[in-house]
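Scroll down for the structure; my scribbles are underneath it.
Naming: A, B, ... by sequence-line order, numbering from 1 per chain.
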Amino acid sequence: DAKTTQPTSMDCAEGRAANLPCNHSTISGNEYVYWYRQIHSQGPQYIIHGLKNNETNEMASLIITEDRKSSTLILPHATLRDTAVYYCIVLASNTGKLIFGQGTTLQVKP
Amino acid sequence: GAVVSQHPSRVICKSGTSVKIECRSLDFQATTMFWYRQFPKQSLMLMATSNEGSKATYEQGVEKDKFLINHASLTLSTLTVTSAHPEDSSFYICSAEDRGRRNTIYFGEGSWLTVV
């Protein structure tokens, strides 16, 4: 699976959009980009995933660049409850095997 | 609500005993489930792939005789930590892929194991 690079930590003001970048420059054509978040002492929560088109759901938007070498997770209106570690993972199709990096610790501040 | 459930959420056992953790997919069938462990302030580490009706496959460095995995049905996988030691104390998490929901992979709530 392609490796991903994420900033170690980020801050965001409550009510503002949180934009979390992820670099996956060695991604292959059949590999999906998945985003999860983990709040302390809980299992990872699924946020969103995509292959090449931008995706949006009730939680977030995923913007994938045209060359697919990077993506951005957007939380449109961050709240204090969005404080968590966010993981960007590249997954080969039909494997189900997610390899976690260190993720980005997002701190939403009042 | 949760689509993958684990039980128990917390368990304390004595050194030398075995403990079983269950992982269930609640409204979909999963031929494959995955088991992870996570130590404090670290990321999740994949331990093994649980395959329905066949043997589990283990990641390098994970002892298959210590971490027994059984995937007896399409909705249940179990992880048994045998002859537990204090260093096995960790957060154990499972995941399963729902092919009916765009291959979305869901995680359970996790199980805290403390070996005393």
Indicate whether the side chain of A:H24 and that of A:S71 have a donor and an acceptor atom separated by less than 3.5 Å.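 Side-chain D/A pair, A:H24 to A:S71: present.
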Is there a donor-acceptor contact under 3.5 Å linking the side chains of B:E52 and B:Q29? no
Kindly check if the number of other-residue, nucleotide or ligand heavy atoms within 6.0 Å of CZ (B:R102) is above 12? yes
In short, B:I93 meets B:Q6 closest at the heavy-atom pair CA-OE1, 3.3 Å
Please classify the contact between B:I105 and chain A as side chain, backbone, both or neither, with a heavy-atom cut-off of under 4.5 Å.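 Both the backbone and the side chain of B:I105 come within 4.5 Å of chain A.
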Please classify the contact of B:T32 with chain A as side chain, backbone, both or neither, using a heavy-atom distance under 4.5 Å.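 When you check distances to chain A, no heavy atom of B:T32 falls under 4.5 Å.
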How are the rings of A:Y36 and A:Y34 set to each other: parallel, tilted or perpendicular (split at 30° and 60°)?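 Plane angle under 30°, so parallel.
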Among B:A96, B:S95, B:C94, B:S43, who wins on heavy-atom pairs under 4.5 Å with chain A?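 Going by pairs under 4.5 Å, I would pick B:S43.
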Can you tell me which of B:Q42, B:M45, B:Q38 forms the most heavy-atom pairs within a distance under 4.5 Å of chain A?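 Of the options given, most contacts go to B:Q38.
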Let me know if A:Q45 has heavy atoms under 4.5 Å from chain B in its side chain, its backbone, both or neither. neither
